[in-house]
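Naming: A, B, ... by sequence-line order, numbering from 1 per chain. Side chains are part of it too, since the values below use all heavy atoms of this structure and drop only hydrogens, waters and symmetry mates.
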Protein chains: 2
Amino acid sequence: MAADLSSARSPVRPVELDRTSPVPLYFQVASRLQELIEQGEIGVGARIENEVDLAERLGVSRPTTRRAIQYLVERGMLVRKRGVGTQVVHPKVRRPVELSSLYDDLVSADRRPRTEVLDLRVAPAPDAVAEALALAPGSEVTWIERLRYAGDEPLALMHNAIPVDLIRLEAADLAAYGLYELLRRAGFVPRIATQVIGARSATTAEARTLHEKRGASLLTMTRTAWDAGGRALEYGSHLYRASRYSFELNLSAG
Amino acid sequence: MAADLSSARSPVRPVELDRTSPVPLYFQVASRLQELIEQGEIGVGARIENEVDLAERLGVSRPTTRRAIQYLVERGMLVRKRGVGTQVVHPKVRRPVELSSLYDDLVSADRRPRTEVLDLRVAPAPDAVAEALALAPGSEVTWIERLRYAGDEPLALMHNAIPVDLIRLEAADLAAYGLYELLRRAGFVPRIATQVIGARSATTAEARTLHEKRGASLLTMTRTAWDAGGRALEYGSHLYRASRYSFELNLSAG
DNA sequence: GTCAATACTTTGTCATGACAAACTGAAAAA
DNA sequence: TTTTTCAGTTTGTCATGACAAAGTATTGAC
């Protein structure tokens, strides 16, 4: 039994790599490995074949194999040790913290998101917001206030500021789609963000809006997002009902 | 002026690469680039020299240059575009979410952490904890309850469970060092973790311990951490004073 | 003047080869 | 028996060379 485990090298069946495909070879290899691990054919703790042999068997170069393995290492499925080998540490992809909006999250969790646009106006940005977005003080921003429902329950009260020259937002669009979706459609893809997560008690008005008791605990999240060109896309200051929502993170260290 | 910006290629002074150093070449190159960007010698928005020229000028191969650039791309400083070039998007390193303990954070923020060990015992793990740590139900764990101060103010009430066969913990050590530091010294390096951040109101007892009013908002964080071998190291369930603490995250998307 | 085709630049992918460093385990020495 | 040494395994680093794909800028046709 014990001997079995130590010899549990990858029982990979012949892999069909498609060299005519636009999908890079390293990605094809990574996908195949990921599949085997997710299906449990290579168990947690088992070592996979070494890079050199794997490369030879698949008919690709070692750098290509390395890149495929690296891809899965970055996702937290594999761990490498020099002189030892590469081991499976987790059967599922541990995604890094996602850069997605609440709307996207709810859609994928099938929680029937609905959005009510409470306010939509163009106004000068307060100093703190202008600084967060790296705009000149007093620059105009589109200011949005939305109430997000999951099913029939209010879940979050969201305030956003978007540089006014970036996109023209309509209440109808905001009610139908997430802000990030609208930004993406306009060609602005959020790539980098900083978030601060905290908590505080609800004011009377906030409690009423969110169907909570006065003084109930709320999760606060402020975020600034930039696109690949370093352009500030969005500043957000959101309130979540702590009784209905929490943030889940997967971390991995070098 | 505008012409100046577009021609603002990296004014890199001759870089001294040390080929005898144990520090990898790609890392030396990355460090040098990072320095130039942090010091503003390559401004945000400016394009850096293309890979081929940079490699030639530094006297290294293109893969080495690419790896250096890739390193900074992953840290959110640079963005690459095929056919265009590589651009500076942020002058500071945007670290991914750190896998460090509160103690380490406070030390680096120079906030004089102090720890009071309220409880330290060996007991069977509750089912939820055993499951989080992937232990058999009822397995013994070392159970710790600590109160963490920053300066003279209590900041967090921390509960941890550590598999009992992993490390022998002493109250004196826990008072002097962070848990992660002790784990690392024993050879267990946390590599992967999942966290859930939420909020709730303080109970009377919690409020008293943390010098808060009854019902004050607290940030909750539960975390399970694993080492590179997939061994569960630690389960933690912590309470932070929302009035004194928040979580800061830097995210980047593919 | 406007639009389309073309040339050029720059990053992306892949192969081959070589040596170094870290770890493991077995053999040899104390 | 215990420790040290050494050989073998495996990942880490680096070089060179080649072609592909995407984006930009220029040129030419209309």
> Taking the side chain of A:Tyr26 as heavy atoms from C-beta outward, which of C:dT13, D:dA15, C:dT16 is closest to it?
Replying inline: C:dT13
> Taking the side chain of B:Pro24 as its heavy atoms from C-beta onward, which of C:dT11, D:dT13, D:dT11 lies nearest to it?
Replying inline: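 The closest nucleotide is D:dT13.
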Whole Å only: how far is the [atom1] atom of [X] from the [atom2] atom of [N]?
X: A:Glu56; N: C:dG17; atom1: CD; atom2: P; result: 12 Å
X: B:Ile69; N: C:dT10; atom1: CD1; atom2: P; result: 12 Å
X: B:Arg66; N: D:dA15; atom1: CZ; atom2: P; result: 15 Å
X: B:Lys81; N: D:dA21; atom1: NZ; atom2: C1'; result: 16 Å
X: B:Asn50; N: D:dA22; atom1: CG; atom2: P; result: 19 Å
X: B:Phe27; N: D:dC14; atom1: CZ; atom2: P; result: 12 Å
X: B:Gln87; N: C:dT10; atom1: CD; atom2: P; result: 14 Å
X: B:Arg82; N: D:dT24; atom1: CZ; atom2: P; result: 13 Å

Taking only N and O in the side chain of [X], is any of them less than 4.0 Å away from OP1 or OP2 of [N]?
X: B:Thr64; N: D:dT13; answer: no
X: B:Arg62; N: D:dT16; answer: no
X: A:Arg19; N: C:dA15; answer: yes
X: B:Thr86; N: C:dT10; answer: no

> Can you tell me how far the CD atom of A:Gln39 sits from the CD atom of A:Gln34, to the nearest 0.5 Å?
Replying inline: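 These two atoms lie 10.5 Å from each other.
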> When all nucleic acid strands are considered with a 4.0 Å heavy-atom cut-off, which category describes B:Val60: base, sugar-phosphate, or nothing?
Replying inline: sugar-phosphate
>> Need one value for A:Arg67: base, sugar-phosphate or nothing, where a base atom within 4.0 Å counts as base even if backbone is also close, heavy atoms only.
In response: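 Answer is sugar-phosphate: A:Arg67 comes under 4.0 Å of backbone atoms only.
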> For A:Ile162, which of A:Leu182, A:Ile144, A:Leu133, A:Val122 qualifies under side chain to side chain contact (heavy atoms under 4.5 Å, CB included)?
Replying inline: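 The passing option is A:Ile144.
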> After noting the C-alpha distance and the side-chain angles of B:Arg148 and B:Thr115, does the key distance pass the side chain to side chain donor-acceptor pair (under 3.5 Å) rule?
Replying inline: CA-CA 5 Å; B:Arg148 174 68 43 82; B:Thr115 307; 2.9 Å; yes
> With A:Glu51, which of A:Arg57, A:Arg82, A:Arg66, A:Arg67 fulfils salt bridge (charged side-chain N to carboxylate O under 4.0 Å, His left out)?
Replying inline: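 Output: one option passes, namely A:Arg66.
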> Taking for each residue the nucleotide of DNA chain C bearing the nearest heavy atom, is the 5' side occupied by A:Ser61 or by A:Gly83?
Replying inline: A:Ser61
> Relative to the ring of A:Tyr26, is the ring of A:Tyr71 parallel (under 30°), tilted (30 to 60°) or perpendicular (over 60°)?
Replying inline: perpendicular
>> Using heavy-atom distances to pick each residue's nearest nucleotide on DNA chain D, tell me which of B:Val84 and A:Pro63 is more 5'.
In response: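 Result: A:Pro63.
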